[in-house]
Number of protein chains: 2
Amino acid sequence: MPSSKPTPVTMDAVYTAPGYLFRRMQQIAVALFIEECKAFDLTPVQYAALVTISTHPGIDATRLSAVIAFDRSTLGNVIERLQAKDYIVRKPAAEDKRVKLLYLTKAGAGVLNEIMPSVDKAQARMLQPLKPADRKTLLSLLTQLVDLNNEASRVPLRAEDALEHLGRSG
Amino acid sequence: MPSSKPTPVTMDAVYTAPGYLFRRMQQIAVALFIEECKAFDLTPVQYAALVTISTHPGIDATRLSAVIAFDRSTLGNVIERLQAKDYIVRKPAAEDKRVKLLYLTKAGAGVLNEIMPSVDKAQARMLQPLKPADRKTLLSLLTQLVDLNNEASRVPLRAEDALEHLGRSG
DNA sequence: ATTTAATTGACAGTATACTCACAATATGGC
DNA sequence: GCCATATTGTGAGTATACTGTCAATTAAAT
């Protein structure tokens, strides 16, 4: 028992804090995604952007950022990289000279198709250690929490607002 | 009913994916921390480092990175910033000329003491939208999941290993 | 119509978070 | 003692993720 200093009780306060657990799970989730999808040169964020452009062709950067709860500045860089990889193209909008509309290229649609199984595998692995019932519970609680805390984040999800102007008008 | 294009069913696959939910909660958690602690010039990561140095004075950067599951390179920058703010000092180790030991300054101990209530408030707000019973369930499931997925992350938590050499030998 | 306000994309700046690589140092096998 | 190996801190490079600000452009107010 050579314990000359007190036990670091405060570390427990870190390990059990929700903020720490969320950071850690995010770390793990990204690592699993990268590992499963290393054959494709796509990050989780680039994948999310690609899916959204696929489901909403002709969306602009600002609306895209609202749909996936992304910072607009960050998204600019993401778009640049996707464009550099020839997965998307930017076309200037006819009615609004400020806006650049986003579309998948053939290569972009292709990689999206091919990467799907790997993404699904990664998503599954994130929850795999839990019992099936617990997975459902966790997903349900997380979904609620993200929704109820939406306004707390700096870049709230604005799926409805962003899509209002798509598929109906413009 | 002017729906000329199919409903974007695939977006649901994004919104309900665990990876998306984890990223979103991390975003929200950081935003709440920053908001509650804006009176103090400390980020969540800097706070975690400070707590750990406080509970383990004389820890070195590599061990610190293992204790809070941090990338070592990233931690270098964090340490630099904490040092620039005069919250910590680095002292070269006598036995190993490569190692620099980390200690809190008086100012560092002070800010840690003062920020605690704000951190607690932020942590509480993250789960506040849930019913108390659900908060417990979520924390329990998250703790399990982070622990069981530990090896999946690029920088696994090595609390035990890292602390072995502290407080006993050394 | 002209001023005002809001929007869009872009840029600079800061802070994680990771990769790989590299010099200095320490340690192990022999 | 010497040499291969490992460790420590550090640096460069990439990618989020946010803060601002800014010019160009559009929309709104009067």
Side-chain angles (χ1 to χ4, degrees), chain A residues 19 23-24 26-35 38 41-49 59-66 68-85 90-102 153-156 161-162 165 170, chain B residues 19 22-24 26-35 38 41-49 59-66 68-85 90-102 153-156 161-162 165:
Chain A
R23 176 175 72 79
R24 203 80 188 80
Q26 159 71 359
Q27 247 179 352
I28 291 165
V30 171
L32 288 175
F33 185 102
I34 298 290
E35 190 183 320
K38 62 170 174 284
D41 191 24
L42 272 188
T43 66
V45 162
Q46 289 167 15
Y47 165 77
I59 197 171
D60 61 286
T62 296
R63 247 171 276 283
L64 176 57
S65 83
I68 50 183
F70 247 55
D71 181 74
R72 231 181 36 182
S73 293
T74 305
L75 192 59
N77 304 324
V78 176
I79 287 175
E80 262 177 35
R81 281 174 217 119
L82 287 175
Q83 198 175 18
K85 293 176 192 175
R90 270 193 285 197
K91 296 183 186 174
E95 335 84 44
D96 191 332
K97 280 178 222 166
R98 296 168 304 178
V99 174
K100 295 178 182 174
L101 305 177
L102 304 170
S153 80
R154 300 302 179 88
V155 191
D161 298 12
H165 305 270
Chain B
F22 290 134
R23 176 175 71 78
R24 203 79 188 81
Q26 159 73 358
Q27 249 179 349
I28 290 165
V30 171
L32 288 174
F33 185 102
I34 298 289
E35 190 183 320
K38 63 169 174 282
D41 192 24
L42 273 189
T43 66
V45 163
Q46 290 168 14
Y47 165 77
I59 197 171
D60 61 285
T62 296
R63 245 171 279 282
L64 176 56
S65 84
I68 50 183
F70 248 54
D71 181 74
R72 229 182 37 183
S73 294
T74 306
L75 191 59
N77 305 324
V78 177
I79 287 175
E80 263 178 34
R81 281 173 217 122
L82 287 175
Q83 198 174 17
K85 292 177 192 174
R90 271 193 284 196
K91 295 182 185 173
E95 334 84 45
D96 192 333
K97 280 180 222 165
R98 294 169 305 177
V99 172
K100 295 177 183 174
L101 307 178
L102 303 171
S153 80
R154 301 301 180 90
V155 191
D161 297 11
H165 305 269

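Only heavy atoms go into these numbers, but all of them, side chains included; no hydrogens, no water, no symmetry mates. Below, chain A is the first sequence line, B the second, and so on; all start at residue 1.
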Starting at atom [atom1] of [X], determine the distance to atom [atom2] of [N], rounded to an integer number of angstrom.
X: A:Arg24; N: C:dT16; atom1: CZ; atom2: P; result: 17 Å
X: B:Asp41; N: C:dA15; atom1: CG; atom2: C1'; result: 11 Å
X: A:Arg72; N: D:dC22; atom1: CZ; atom2: P; result: 15 Å
X: A:Asp60; N: D:dT25; atom1: CG; atom2: P; result: 17 Å
X: B:Phe70; N: D:dG9; atom1: CZ; atom2: P; result: 15 Å
X: A:Gln46; N: D:dT14; atom1: CD; atom2: C1'; result: 10 Å
X: B:Asn77; N: C:dT19; atom1: CG; atom2: C1'; result: 14 Å
X: B:Arg63; N: D:dT8; atom1: CZ; atom2: C1'; result: 10 Å

>> Under 3.5 Å, is there a donor on one side chain and an acceptor on the other for B:Gln46 and B:Arg81?
In response: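 Per modelled atom types, B:Gln46 and B:Arg81 side chains form no pair under 3.5 Å.
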>> Is it the case that the side chains of B:Arg24 and B:Gln27 hold a donor-acceptor pair, with the cut-off being a distance below 3.5 Å and no angle test?
In response: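 Judged by distance alone, the side chains do pair up.
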> Can you find a heavy atom in the side chain of B:Val30 that is under 4.5 Å from one in the side chain of A:Ser153?
Replying inline: no
> Can you find a heavy atom in the side chain of B:Leu42 that is under 4.5 Å from one in the side chain of B:Leu82?
Replying inline: yes
>> Working to the nearest 0.5 angstrom, can you tell me the gap between B:Arg90 CZ and B:Ile79 CD1?
In response: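 Answer rounded to 0.5 Å: 6.0 Å.
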> Rounded to the nearest 0.5 Å, how far does CZ of A:Arg63 lie from CG of A:Leu102?
Replying inline: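 Taking CG in A:Leu102 and CZ in A:Arg63, the distance rounds to 11.5 Å.
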Between [X] and [N], does any side-chain N or O lie under 4.0 Å from OP1 or OP2?
X: A:Arg90; N: C:dA10; result: yes
X: A:Lys100; N: C:dA10; result: yes
X: B:Arg81; N: C:dT14; result: no
X: A:Gln26; N: D:dT16; result: no
X: A:Thr62; N: C:dT7; result: no

> Where each residue is assigned the nucleotide of DNA chain D containing its nearest heavy atom, which of A:Pro44 and A:Lys97 is assigned the position nearer the 5′ end?
Replying inline: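 It is A:Pro44, whose closest nucleotide lies nearer the 5' terminus.
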Nearest non-hydrogen partners of [X] and [Y], listed with the distance:
X: B:Val78; Y: B:Ala49; value: CG1-CB, 4.4 Å
X: B:Phe70; Y: B:Leu75; value: CD2-CD1, 3.6 Å
X: A:Pro44; Y: A:Ile34; value: CD-CD1, 4.1 Å
X: A:Leu101; Y: A:Val99; value: CD2-CG1, 3.6 Å
X: A:Ala29; Y: B:Phe22; value: CB-CD1, 4.2 Å
X: A:Val45; Y: B:Arg23; value: CG2-CD, 4.5 Å

>> Within residues 27-34 of chain B, which residues have any heavy atom lying less than 4.0 Å from an atom of DNA chain D?
In response: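 Correct list: B:Gln27.
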>> What's A:Asp96 touching, base or sugar-phosphate or nothing? Going by heavy atoms closer than 4.0 Å.
In response: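 Here A:Asp96 touches the backbone only, sparing every base.
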>> Under 4.0 Å, heavy atoms only, any strand: does B:Thr43 hit a base, just the sugar-phosphate, or nothing?
In response: sugar-phosphate
Find every protein N or O atom lying less than 3.5 Å from an N or O atom of nucleotides 1-6 of chain C, and list the pairs.
none

Identify the pairs formed between an N or O of the protein and an N or O of nucleotides 11-13 of chain C at a distance under 3.5 Å, and give each distance.
residue, atom, partner, partner atom, Å
C:dC11, N4, A:Ser73, OG, 2.9

> Of the nucleotides C:dT16, D:dT16, D:dG9, which has the atom closest to the A:Thr74 side chain?
Replying inline: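 So the side chain of A:Thr74 is nearest to D:dT16.
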